[in-house]
Structure formats: structure tokens, C-alpha cells
Amino acid sequence: MTRIGLFGGTFDPIHFGHLRVAEELFYHLKLAQVLFIPAAQQPHKDIHGPVDFRHRLEMLKLAIEDRPGFSASDIEKDLPRPSYTVNTIRALKQKYAEELIFMVGFDSFSQIKKWRGHQELLALAPLAVFRRPGAEVDRTTLKTLLTEVVGAAPTWEPDLAAFSWPNRPLIYYYEGSSLYISSTDLRARLATGQSVRYLLPESVRQYLTQEGLYAPKLK
Ligand code: ATP
């Protein structure tokens, strides 16, 4: 069965940290496609005021336009807000016949107990949890968290690089190379007039400059 990896995020703005992990997971999980899904409104993020959905989607499209197999979804635009992941995955499961794998960094996944509908989410689709610099994780930490959330210890399946329980979707665990880049840091650099070159695609840098996004506030 063909597989699609779902990569949700604020992408405010998209950067090479996101793109690199998507590239690695594309091969690691043998995906036919990575679908990037910008959040219309994140429930668990500080309302620092992400730039308009339209701009975040446009930057995403520019970032991936040369990469066959990567595409952007605007599905959260039309879903109720805030954008709960469980609603998005439910909606996407109705739309796609392919196997869907939800990909998430450990910094987000570590908050899973606070996610609305997390039990349903874990029952709905396989997940791939990956490491991100600054949110160090190892298999043992992840196993402990999964045991707490599911209420039963999973078995590690080395051939699949995934945790399993009977009658439940797998949780893949991926520890690849990771780039120490965050959107928060990019926004801070832009707000103070510093360079962000080589941290994100040049087309995205040009777009956000032209549109005056994240620019220093005039005094
Ligand atoms: P912010 O700094 O605004 O919180 P962010 O850089 O964390 O933003 P998000 O759009 O919130 O970016 O991230 C979406 C997903 O991408 C999350 O699952 C997150 O773990 C992952 N991610 C973000 N940056 C990196 C990175 N440098 N390496 C690997 N994964 C990343």
C-alpha cells in the first residue's frame, strides 16, 4: 500500500530543519509523498501571532516546489479552529485511500497528554516520532511515555524501527541527523535585522523580505 507522511507544523516560517527531517523520513519510511500541513491555529502554541496562513502556505510551496513527492495541504484552513491534529487526521483519512503516517518531532510529541483526543489519535494512524535538537530523546524515554499514555508497555520491533502493541497502529522512532534551526530563532533574527541566509531556502527568504514579514518594528 502506498504511504503518505503527514508533516504538520506552524511553519512560521518553514526552514531547513523541517525540510531535512522530511527528506530523511521520506526514505526511512518509504513514503510516496510527504504532505506538509500548516496549522491554521495551533492549540498549544503561544499566540505570538503566526503570520497569516496564506503567507505560511506560500512559503511552504516555494520551499518544496522543486521536490517531487513533497506537497502542501491547506486542509486546516477549512476545519474548525483551533486546529486539533486528531480532526485533521480524521479528515485526511476520509480524503486519502493511502496509508497515512503522522510525523512529529519529540518536542511536540512529549506534550501528547495535553493534546485534545490523543487516545483517538493514537488509535487512528501510525505515528513517526523523530528527534529534534534541543528535545533530546532516546528509545527508553519514548517507551516510558508511550507506556503511560497507552497504559501498556509496547514491544520494540527492530526490523520496523517501531513500537507495537496488539491491535494498535505502530509508533515509528527515527533518530536521524538534525539541524539546530527553529522558527523562533529565525523570527528573532529577522526582528533584529540579522541575516537568516542559509537557514532556509533562498526563495523563502526572498519572499518574506519582499512581503515585509517578521521585519523589525519601526520605532
Ligand atoms: P517554533 O520555533 O515557532 O516553535 P518550530 O521551528 O518548532 O517553530 P514548527 O512549525 O512548530 O517549527 O514544527 C513543526 C514540526 O517540525 C514539529 O514536529 C517539530 O518538532 C519539527 N521541527 C521543527 N524544527 C525542527 C528541526 N530543526 N529539526 C527537526 N524537526 C524540527
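Both ligands and their constituent atoms are indexed starting at 1 by order of listing. The structure presented is a predicted model; accordingly, all values stated were derived computationally and were not measured.
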### Query
At under 4.0 Å between heavy atoms, which part of Tyr180 makes contact with ligand 1: side chain, backbone, both or neither?
neither
### Message
If you measure every N or O of Ser183 against every N or O of ligand 1, does any of those distances drop under 3.5 Å?
### Response
yes
### Query
Looking at ligand 1, does Phe7 have a heavy atom less than 4.0 Å from it?
yes
### Query
Below 4.0 angstrom, N of the basic side chain to O of the carboxylate: do Arg20 and Glu23 qualify?
no
### Query
Counting heavy atoms only, which part of Met103 comes closer than 4.0 Å to ligand 1: side chain, backbone, both or neither?
neither
### Summary
Quick look: Thr184 vs ligand 1, heavy-atom contacts under 4.0 Å, and the answer is both
### Query
Hey, is Ser178 touching ligand 1 through its side chain, its backbone, both or neither, going by heavy atoms under 4.0 Å?
neither
## Note on the structure
Out of Phe36, Phe130, Phe106, Phe109, the nearest non-hydrogen contact to atom 21 (C) of ligand 1 is supplied by Phe130
### Task
Identify which one of His55, Lys61, Glu58 satisfies the side chain to side chain donor-acceptor pair (under 3.5 Å) criterion when paired with Tyr207.
His55
### Message
Check this for me: does any side-chain nitrogen of one of Glu120 and Arg90 sit under 4.0 Å from a carboxylate oxygen of the other?
### Response
yes
### Task
Tell me, please: is His15 in heavy-atom contact with ligand 1, that is, under 4.0 Å?
yes
### Geometric N/O contact Phe11 with ligand 1, under 3.5 angstrom
yes
#### Entry: Salt-bridge present (Glu148, Lys113; N to O < 4.0 Å)
yes
### Query
Under a 4.0 Å N-O cut-off, is there an ion pair linking Asp52 with Arg56?
no
### Ile181 N/O to ligand 1 N/O under 3.5 Å
yes
### Message
Tell me whether the rings of Phe7 and Phe11 are parallel (<30°), tilted (30 to 60°) or perpendicular (>60°).
### Response
perpendicular
